[in-house]
There are 2 protein chains.
Amino acid sequence: MNTKAGTPISFAPVEQKIDRVCARVTAPDVPQTRQHVVLSHLIRHIQTAQAARSNAFLREYELNAVSFTALMMLFSSPECALNPSELADATGESRANVTRICDELVSKQLLTRTPNAEDRRRVDLRLALEGDELVQRFLPQMRDRVHNVFNVLSQDERDTLENLLKRVLTELG
Amino acid sequence: MNTKAGTPISFAPVEQKIDRVCARVTAPDVPQTRQHVVLSHLIRHIQTAQAARSNAFLREYELNAVSFTALMMLFSSPECALNPSELADATGESRANVTRICDELVSKQLLTRTPNAEDRRRVDLRLALEGDELVQRFLPQMRDRVHNVFNVLSQDERDTLENLLKRVLTELG
DNA sequence: TTTTGATAGTATCATTTAGAACTAAAACAT
DNA sequence: ATGTTTTAGTTCTAAATGATACTATCAAAA
(Lines give C-alpha, C1' and ligand atoms only; values in the text may rest on other atoms or scores of the structure.)
Protein backbone atom coordinates (compact mmCIF):
# COMPACT_ATOMS: atom_id res chain seq x y z
CA MET A 1 0.00 0.00 0.00
CA ASN A 2 1.23 3.42 -0.84
CA THR A 3 1.21 5.28 2.41
CA LYS A 4 3.64 8.00 1.51
CA ALA A 5 2.37 11.32 2.75
CA GLY A 6 1.39 13.67 -0.04
CA THR A 7 0.66 10.94 -2.51
CA PRO A 8 -2.73 11.84 -3.88
CA ILE A 9 -5.21 9.05 -4.04
CA SER A 10 -6.75 9.57 -7.40
CA PHE A 11 -9.54 7.32 -8.41
CA ALA A 12 -10.08 8.75 -11.87
CA PRO A 13 -7.44 6.55 -13.56
CA VAL A 14 -8.97 3.50 -11.98
CA GLU A 15 -12.36 4.45 -13.26
CA GLN A 16 -10.99 5.07 -16.73
CA LYS A 17 -9.63 1.55 -16.73
CA ILE A 18 -12.92 0.12 -15.62
CA ASP A 19 -14.53 1.97 -18.50
CA ARG A 20 -12.09 0.39 -20.92
CA VAL A 21 -12.86 -3.02 -19.52
CA CYS A 22 -16.49 -2.40 -20.31
CA ALA A 23 -15.65 -1.16 -23.76
CA ARG A 24 -13.91 -4.41 -24.48
CA VAL A 25 -16.52 -6.76 -23.09
CA THR A 26 -19.76 -7.77 -24.68
CA ALA A 27 -22.57 -8.52 -22.29
CA PRO A 28 -26.20 -7.49 -21.95
CA ASP A 29 -25.78 -5.47 -18.75
CA VAL A 30 -22.43 -3.77 -19.14
CA PRO A 31 -23.31 -0.37 -17.65
CA GLN A 32 -24.67 -1.92 -14.50
CA THR A 33 -21.72 -4.24 -14.14
CA ARG A 34 -19.42 -1.30 -14.67
CA GLN A 35 -20.98 0.47 -11.73
CA HIS A 36 -20.73 -2.59 -9.54
CA VAL A 37 -17.04 -2.83 -10.24
CA VAL A 38 -16.58 0.87 -9.61
CA LEU A 39 -18.34 0.56 -6.26
CA SER A 40 -16.24 -2.42 -5.25
CA HIS A 41 -13.03 -0.62 -6.04
CA LEU A 42 -14.18 2.55 -4.31
CA ILE A 43 -14.83 0.63 -1.13
CA ARG A 44 -11.51 -1.11 -1.39
CA HIS A 45 -9.58 2.12 -1.91
CA ILE A 46 -11.38 3.88 0.94
CA GLN A 47 -10.74 1.02 3.32
CA THR A 48 -7.08 0.85 2.31
CA ALA A 49 -6.59 4.57 2.78
CA GLN A 50 -8.31 4.56 6.14
CA ALA A 51 -6.27 1.63 7.39
CA ALA A 52 -3.11 3.42 6.30
CA ARG A 53 -4.14 6.51 8.25
CA SER A 54 -4.97 4.55 11.36
CA ASN A 55 -1.78 2.56 11.25
CA ALA A 56 0.38 5.60 10.62
CA PHE A 57 -1.01 7.23 13.73
CA LEU A 58 -1.06 4.17 15.96
CA ARG A 59 2.39 2.95 14.99
CA GLU A 60 3.91 5.72 17.09
CA TYR A 61 2.47 3.87 20.05
CA GLU A 62 3.40 0.40 18.85
CA LEU A 63 -0.16 -0.48 18.05
CA ASN A 64 -2.04 -1.15 14.84
CA ALA A 65 -5.56 -0.59 13.65
CA VAL A 66 -6.74 -4.11 14.34
CA SER A 67 -5.41 -4.16 17.89
CA PHE A 68 -6.98 -0.83 18.61
CA THR A 69 -10.32 -1.97 17.24
CA ALA A 70 -10.09 -5.02 19.47
CA LEU A 71 -9.48 -2.85 22.51
CA MET A 72 -12.37 -0.61 21.53
CA MET A 73 -14.74 -3.54 21.14
CA LEU A 74 -13.79 -4.71 24.62
CA PHE A 75 -14.07 -1.18 25.97
CA SER A 76 -17.64 -1.08 24.78
CA SER A 77 -18.75 -4.49 26.02
CA PRO A 78 -20.58 -5.19 29.26
CA GLU A 79 -17.94 -5.46 31.97
CA CYS A 80 -15.35 -4.86 29.24
CA ALA A 81 -15.29 -8.58 28.53
CA LEU A 82 -15.70 -10.76 25.46
CA ASN A 83 -14.82 -14.25 24.29
CA PRO A 84 -12.27 -14.60 21.51
CA SER A 85 -14.90 -15.64 19.00
CA GLU A 86 -17.12 -12.71 19.87
CA LEU A 87 -14.12 -10.48 19.40
CA ALA A 88 -13.46 -12.11 16.05
CA ASP A 89 -16.98 -11.28 14.91
CA ALA A 90 -16.76 -7.75 16.21
CA THR A 91 -13.50 -6.99 14.47
CA GLY A 92 -13.99 -9.06 11.34
CA GLU A 93 -10.71 -10.89 11.94
CA SER A 94 -10.24 -14.64 11.90
CA ARG A 95 -10.21 -16.43 15.23
CA ALA A 96 -6.65 -17.48 14.61
CA ASN A 97 -5.65 -13.88 14.24
CA VAL A 98 -7.58 -12.87 17.35
CA THR A 99 -5.56 -15.38 19.34
CA ARG A 100 -2.34 -13.81 18.14
CA ILE A 101 -3.54 -10.24 18.70
CA CYS A 102 -4.64 -11.09 22.22
CA ASP A 103 -1.26 -12.67 22.91
CA GLU A 104 0.26 -9.31 22.12
CA LEU A 105 -2.22 -7.27 24.07
CA VAL A 106 -1.90 -9.53 27.12
CA SER A 107 1.87 -9.23 26.98
CA LYS A 108 1.42 -5.46 26.95
CA GLN A 109 -0.88 -5.82 29.95
CA LEU A 110 -3.72 -4.11 28.11
CA LEU A 111 -6.08 -7.03 28.67
CA THR A 112 -6.33 -10.24 30.70
CA ARG A 113 -7.18 -13.77 29.67
CA THR A 114 -8.96 -15.97 32.20
CA PRO A 115 -10.67 -19.34 31.79
CA ASN A 116 -14.46 -19.26 31.95
CA ALA A 117 -15.89 -21.13 34.93
CA GLU A 118 -19.17 -22.25 33.37
CA ASP A 119 -17.88 -23.43 30.02
CA ARG A 120 -14.36 -24.65 30.20
CA ARG A 121 -13.91 -24.40 26.47
CA ARG A 122 -14.24 -20.67 26.76
CA VAL A 123 -11.89 -17.91 27.68
CA ASP A 124 -12.78 -14.48 29.03
CA LEU A 125 -10.92 -11.55 27.61
CA ARG A 126 -11.18 -8.54 29.85
CA LEU A 127 -9.85 -5.06 29.30
CA ALA A 128 -7.24 -4.14 31.88
CA LEU A 129 -7.19 -0.73 33.50
CA GLU A 130 -4.32 0.31 31.28
CA GLY A 131 -6.21 -0.77 28.20
CA ASP A 132 -9.23 1.22 29.28
CA GLU A 133 -7.16 4.33 29.79
CA LEU A 134 -5.45 3.83 26.46
CA VAL A 135 -8.75 3.69 24.60
CA GLN A 136 -10.03 6.83 26.30
CA ARG A 137 -6.82 8.65 25.52
CA PHE A 138 -6.67 7.62 21.87
CA LEU A 139 -10.29 7.88 20.82
CA PRO A 140 -10.31 11.66 20.33
CA GLN A 141 -7.20 11.48 18.19
CA MET A 142 -8.64 8.67 16.10
CA ARG A 143 -11.69 10.81 15.59
CA ASP A 144 -9.67 13.80 14.45
CA ARG A 145 -7.16 11.95 12.33
CA VAL A 146 -9.19 9.12 10.84
CA HIS A 147 -12.94 9.21 11.18
CA ASN A 148 -13.60 12.84 10.45
CA VAL A 149 -13.21 12.35 6.70
CA PHE A 150 -16.94 11.77 6.69
CA ASN A 151 -17.43 15.42 7.54
CA VAL A 152 -17.32 16.15 3.81
CA LEU A 153 -20.85 14.77 3.79
CA SER A 154 -23.89 16.46 5.26
CA GLN A 155 -25.86 14.79 8.01
CA ASP A 156 -28.51 13.66 5.55
CA GLU A 157 -25.88 12.25 3.24
CA ARG A 158 -24.21 10.34 6.04
CA ASP A 159 -27.55 8.85 7.03
CA THR A 160 -28.11 7.80 3.44
CA LEU A 161 -24.64 6.32 3.17
CA GLU A 162 -25.11 4.39 6.39
CA ASN A 163 -28.39 2.98 5.16
CA LEU A 164 -27.03 1.95 1.78
CA LEU A 165 -23.90 0.34 3.19
CA LYS A 166 -25.90 -1.64 5.70
CA ARG A 167 -28.08 -3.06 3.00
CA VAL A 168 -25.04 -4.08 0.98
CA LEU A 169 -23.45 -5.71 3.99
CA THR A 170 -26.67 -7.60 4.71
CA GLU A 171 -26.55 -8.97 1.20
CA LEU A 172 -23.01 -10.15 1.78
CA GLY A 173 -23.81 -11.84 5.10
CA MET B 1 -30.13 -0.33 17.64
CA ASN B 2 -30.16 -3.96 16.66
CA THR B 3 -33.85 -3.59 15.93
CA LYS B 4 -33.24 -0.97 13.29
CA ALA B 5 -34.62 -2.14 9.99
CA GLY B 6 -32.04 -3.22 7.49
CA THR B 7 -29.23 -3.60 9.96
CA PRO B 8 -27.40 -6.79 9.07
CA ILE B 9 -27.36 -9.36 11.80
CA SER B 10 -23.61 -9.64 11.75
CA PHE B 11 -23.14 -5.93 12.12
CA ALA B 12 -25.69 -5.25 14.83
CA PRO B 13 -23.37 -6.38 17.65
CA VAL B 14 -20.66 -4.12 16.29
CA GLU B 15 -23.03 -1.20 16.27
CA GLN B 16 -24.15 -1.97 19.81
CA LYS B 17 -20.55 -1.80 20.91
CA ILE B 18 -20.01 1.48 19.17
CA ASP B 19 -23.03 2.80 21.02
CA ARG B 20 -21.55 1.72 24.31
CA VAL B 21 -18.29 3.43 23.47
CA CYS B 22 -20.25 6.61 22.96
CA ALA B 23 -22.10 6.11 26.19
CA ARG B 24 -18.81 5.96 28.05
CA VAL B 25 -17.16 8.91 26.41
CA THR B 26 -17.79 12.56 27.06
CA ALA B 27 -17.33 14.85 24.10
CA PRO B 28 -19.34 17.61 22.47
CA ASP B 29 -20.08 15.78 19.22
CA VAL B 30 -20.63 12.19 20.26
CA PRO B 31 -23.54 11.33 17.93
CA GLN B 32 -21.64 12.49 14.88
CA THR B 33 -18.49 10.68 15.91
CA ARG B 34 -20.56 7.59 16.53
CA GLN B 35 -21.78 7.67 12.96
CA HIS B 36 -18.28 8.18 11.61
CA VAL B 37 -17.09 5.12 13.45
CA VAL B 38 -20.07 3.12 12.24
CA LEU B 39 -19.37 4.11 8.66
CA SER B 40 -15.70 3.20 8.96
CA HIS B 41 -16.53 -0.22 10.29
CA LEU B 42 -19.23 -0.79 7.69
CA ILE B 43 -16.74 -0.12 4.93
CA ARG B 44 -14.19 -2.35 6.53
CA HIS B 45 -16.63 -5.25 6.94
CA ILE B 46 -17.92 -4.92 3.38
CA GLN B 47 -14.42 -4.88 1.96
CA THR B 48 -13.42 -7.90 4.05
CA ALA B 49 -16.48 -9.86 2.97
CA GLN B 50 -15.98 -9.00 -0.67
CA ALA B 51 -12.31 -9.95 -0.62
CA ALA B 52 -13.25 -13.26 0.98
CA ARG B 53 -15.76 -13.93 -1.78
CA SER B 54 -13.35 -13.06 -4.53
CA ASN B 55 -10.58 -15.13 -3.08
CA ALA B 56 -12.82 -18.12 -2.47
CA PHE B 57 -13.80 -18.13 -6.11
CA LEU B 58 -10.40 -17.36 -7.58
CA ARG B 59 -8.52 -19.81 -5.41
CA GLU B 60 -9.95 -22.65 -7.47
CA TYR B 61 -7.89 -21.27 -10.31
CA GLU B 62 -4.80 -20.55 -8.22
CA LEU B 63 -5.34 -16.83 -8.37
CA ASN B 64 -6.25 -14.22 -5.80
CA ALA B 65 -8.20 -10.99 -5.83
CA VAL B 66 -5.16 -8.75 -6.12
CA SER B 67 -3.69 -10.69 -9.03
CA PHE B 68 -6.98 -10.65 -10.84
CA THR B 69 -7.37 -6.92 -10.30
CA ALA B 70 -3.89 -6.46 -11.71
CA LEU B 71 -4.80 -8.44 -14.81
CA MET B 72 -7.99 -6.46 -15.19
CA MET B 73 -6.18 -3.16 -14.94
CA LEU B 74 -3.82 -4.29 -17.68
CA PHE B 75 -6.70 -5.62 -19.72
CA SER B 76 -8.24 -2.16 -19.67
CA SER B 77 -5.13 -0.15 -20.47
CA PRO B 78 -4.13 1.11 -23.91
CA GLU B 79 -2.30 -1.72 -25.63
CA CYS B 80 -2.82 -3.74 -22.44
CA ALA B 81 0.38 -2.28 -21.03
CA LEU B 82 1.34 -0.47 -17.85
CA ASN B 83 4.45 0.24 -15.81
CA PRO B 84 4.74 -1.35 -12.39
CA SER B 85 4.18 1.94 -10.60
CA GLU B 86 1.09 2.68 -12.64
CA LEU B 87 -0.16 -0.75 -11.76
CA ALA B 88 0.55 -0.05 -8.10
CA ASP B 89 -1.60 3.08 -8.25
CA ALA B 90 -4.37 1.30 -10.09
CA THR B 91 -4.58 -1.58 -7.65
CA GLY B 92 -3.71 0.28 -4.46
CA GLU B 93 -0.89 -2.16 -3.71
CA SER B 94 2.66 -1.20 -2.81
CA ARG B 95 5.25 -1.27 -5.57
CA ALA B 96 7.09 -3.98 -3.72
CA ASN B 97 4.03 -6.12 -3.78
CA VAL B 98 3.42 -5.39 -7.43
CA THR B 99 6.86 -6.74 -8.21
CA ARG B 100 6.04 -10.00 -6.47
CA ILE B 101 2.63 -10.31 -8.06
CA CYS B 102 4.06 -9.73 -11.49
CA ASP B 103 6.72 -12.36 -10.85
CA GLU B 104 3.91 -14.82 -10.33
CA LEU B 105 1.88 -13.71 -13.30
CA VAL B 106 4.90 -13.79 -15.58
CA SER B 107 5.73 -17.30 -14.44
CA LYS B 108 2.17 -18.27 -15.28
CA GLN B 109 2.67 -16.66 -18.67
CA LEU B 110 -0.27 -14.34 -18.13
CA LEU B 111 1.82 -11.24 -18.77
CA THR B 112 5.22 -10.24 -20.10
CA ARG B 113 7.86 -7.97 -18.71
CA THR B 114 10.05 -6.07 -21.16
CA PRO B 115 12.47 -3.19 -20.64
CA ASN B 116 11.27 0.15 -21.93
CA ALA B 117 13.38 1.49 -24.80
CA GLU B 118 12.96 5.21 -24.12
CA ASP B 119 13.46 5.17 -20.36
CA ARG B 120 15.69 2.39 -19.24
CA ARG B 121 14.55 2.66 -15.64
CA ARG B 122 11.15 1.57 -16.73
CA VAL B 123 9.61 -1.78 -17.40
CA ASP B 124 6.63 -2.50 -19.60
CA LEU B 125 4.12 -4.97 -18.29
CA ARG B 126 1.96 -6.29 -21.06
CA LEU B 127 -0.95 -8.67 -20.85
CA ALA B 128 -0.22 -11.90 -22.67
CA LEU B 129 -2.82 -13.55 -24.84
CA GLU B 130 -3.52 -16.11 -22.16
CA GLY B 131 -4.01 -13.35 -19.61
CA ASP B 132 -6.43 -11.60 -21.90
CA GLU B 133 -8.44 -14.74 -22.38
CA LEU B 134 -8.43 -15.42 -18.66
CA VAL B 135 -9.86 -12.00 -17.87
CA GLN B 136 -12.60 -12.36 -20.45
CA ARG B 137 -13.48 -15.79 -19.16
CA PHE B 138 -13.55 -14.82 -15.49
CA LEU B 139 -15.22 -11.43 -15.63
CA PRO B 140 -18.78 -12.77 -15.95
CA GLN B 141 -18.25 -15.07 -13.01
CA MET B 142 -16.78 -12.31 -10.90
CA ARG B 143 -19.81 -10.26 -11.78
CA ASP B 144 -22.21 -12.99 -10.71
CA ARG B 145 -20.40 -14.10 -7.61
CA VAL B 146 -18.91 -10.91 -6.25
CA HIS B 147 -20.10 -7.65 -7.71
CA ASN B 148 -23.78 -8.35 -7.98
CA VAL B 149 -24.34 -7.74 -4.27
CA PHE B 150 -25.02 -4.16 -5.29
CA ASN B 151 -28.18 -5.35 -6.98
CA VAL B 152 -29.95 -4.98 -3.64
CA LEU B 153 -29.87 -1.28 -4.41
CA SER B 154 -31.90 0.49 -7.04
CA GLN B 155 -30.19 2.33 -9.86
CA ASP B 156 -30.78 5.67 -8.13
CA GLU B 157 -29.39 4.35 -4.90
CA ARG B 158 -26.30 3.02 -6.61
CA ASP B 159 -25.73 6.40 -8.22
CA THR B 160 -26.05 8.04 -4.83
CA LEU B 161 -23.70 5.56 -3.22
CA GLU B 162 -21.14 6.06 -5.95
CA ASN B 163 -21.29 9.81 -5.53
CA LEU B 164 -20.95 9.69 -1.76
CA LEU B 165 -18.08 7.22 -1.78
CA LYS B 166 -16.20 9.27 -4.35
CA ARG B 167 -16.42 12.33 -2.20
CA VAL B 168 -15.15 10.44 0.82
CA LEU B 169 -12.26 9.00 -1.16
CA THR B 170 -11.37 12.45 -2.47
CA GLU B 171 -11.22 13.68 1.10
CA LEU B 172 -8.81 10.89 1.99
CA GLY B 173 -6.50 11.76 -0.90
C1' DT C 1 -24.78 -44.30 29.43
C1' DT C 2 -22.10 -44.15 25.00
C1' DT C 3 -21.39 -42.14 20.90
C1' DT C 4 -21.68 -38.71 17.63
C1' DG C 5 -21.44 -34.17 16.36
C1' DA C 6 -20.77 -29.27 17.24
C1' DT C 7 -18.22 -25.54 19.33
C1' DA C 8 -14.19 -22.77 21.45
C1' DG C 9 -9.72 -21.85 21.31
C1' DT C 10 -5.00 -22.56 19.95
C1' DA C 11 -0.87 -23.97 17.20
C1' DT C 12 1.24 -24.50 12.87
C1' DC C 13 2.16 -23.37 8.28
C1' DA C 14 2.14 -20.86 3.98
C1' DT C 15 0.82 -16.68 1.92
C1' DT C 16 0.50 -11.83 1.68
C1' DT C 17 2.01 -7.50 2.85
C1' DA C 18 4.46 -3.05 3.96
C1' DG C 19 8.80 -0.71 4.88
C1' DA C 20 13.49 0.12 4.22
C1' DA C 21 17.62 -0.46 1.84
C1' DC C 22 19.55 -0.80 -2.53
C1' DT C 23 20.72 -0.25 -7.76
C1' DA C 24 20.20 2.02 -11.90
C1' DA C 25 18.84 5.69 -14.73
C1' DA C 26 16.99 10.09 -15.72
C1' DA C 27 16.29 15.02 -14.55
C1' DC C 28 18.02 19.00 -12.68
C1' DA C 29 21.13 22.42 -10.88
C1' DT C 30 25.41 24.67 -10.74
C1' DA D 1 30.51 18.71 -17.66
C1' DT D 2 29.81 17.58 -12.83
C1' DG D 3 27.45 16.62 -8.87
C1' DT D 4 22.90 16.35 -6.70
C1' DT D 5 18.26 15.01 -6.50
C1' DT D 6 14.48 12.47 -8.02
C1' DT D 7 12.28 8.49 -9.96
C1' DA D 8 11.60 3.37 -11.22
C1' DG D 9 12.05 -0.98 -9.92
C1' DT D 10 13.72 -4.74 -7.14
C1' DT D 11 15.37 -7.20 -3.05
C1' DC D 12 15.26 -8.24 1.67
C1' DT D 13 13.22 -8.55 6.15
C1' DA D 14 9.79 -8.61 9.49
C1' DA D 15 5.07 -8.45 10.44
C1' DA D 16 0.28 -9.66 9.65
C1' DT D 17 -2.99 -12.80 8.12
C1' DG D 18 -5.95 -16.85 6.83
C1' DA D 19 -6.51 -21.79 6.21
C1' DT D 20 -5.98 -25.96 8.28
C1' DA D 21 -5.44 -29.19 11.69
C1' DC D 22 -5.65 -30.23 16.35
C1' DT D 23 -7.23 -30.50 21.42
C1' DA D 24 -10.60 -29.92 24.83
C1' DT D 25 -15.20 -29.39 26.08
C1' DC D 26 -20.03 -29.37 25.70
C1' DA D 27 -24.51 -30.92 23.63
C1' DA D 28 -27.50 -34.05 21.56
C1' DA D 29 -28.75 -38.50 19.89
C1' DA D 30 -28.70 -43.43 20.03
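First the proteins, then the strands, lettered A, B, ... as listed; each starts at 1. As the structure is a computational prediction, the values presented were derived from the model and not from experiment.
- The nearest heavy atom of DNA chain D to B:D124 and to A:E93 marks one nucleotide each, and the one closer to the 5' end goes with B:D124.
- Base contact: A:R95 has a heavy atom under 4.0 Å from a base atom.
- First and last contacting nucleotides of DNA chain D toward chain A (any atom under 4.0 angstrom from a heavy atom, 5' to 3' order): D:dA16 to D:dC26.
- Contact check, B:N97 against C:dT17: a side-chain N or O comes under 4.0 Å of OP1 or OP2.
- Taking the six-membered ring where tryptophan is involved, the planes of A:H41 and A:H45 are tilted, since the angle between them lies from 30° to 60°.
- Between B:F68 and B:F138, the ring-plane angle classifies as parallel under the 30° and 60° cut-offs.
- Salt-bridge annotation for A:K166 and A:E162: present, with a side-chain N of the basic residue lying under 4.0 Å from a carboxylate O of the acidic one.
- With respect to A:E93 and B:R44, a salt bridge is recorded, a charged nitrogen being found less than 4.0 Å from a carboxylate O.
- With a 6.0 Å radius and a threshold of 12 heavy atoms from other residues, nucleotides or ligands, A:E62 has its CD atom at or below the threshold.
- Taking side-chain N and O atoms only, A:S85 has no distance below 4.0 Å to OP1 or OP2 of C:dT7.
- Here B:R122 pairs with B:D119 under the salt bridge (charged side-chain N to carboxylate O under 4.0 Å, His left out) rule; sequence neighbours left out.
- More than 12 heavy atoms of other shown residues, nucleotides or ligands fall within 6.0 angstrom of atom CD in B:E60.
- The closest side-chain heavy-atom distance from A:L74 to A:L111 is below 4.5 Å.
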Please list each protein N or O that sits under 3.5 Å from an N or O in nucleotides 23-28 of chain C, with the distance.
from, atom 1, to, atom 2, distance (Å)
C:dA26, OP1, B:R120, N, 2.9

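- The closest side-chain heavy-atom distance from A:N163 to A:R167 is below 4.5 Å.
- Legend: salt bridge (charged side-chain N to carboxylate O under 4.0 Å, His left out) pairs involving residues 97-115 of chain B, not counting sequence neighbours, sorted by first then second residue: B:R100-B:E104, B:D103-B:R113.
- The stretch residues 98-106 of chain B touches DNA chain D through B:T99, each having a heavy atom under 4.0 angstrom from the strand.
- Under 4.0 angstrom from either OP1 or OP2 of C:dT16 there lies at least one side-chain N or O belonging to B:N64.
- Under the side chain to side chain contact (heavy atoms under 4.5 Å, CB included) criterion, A:N64 pairs with A:N55, A:V66, A:S67, sequence neighbours left out.
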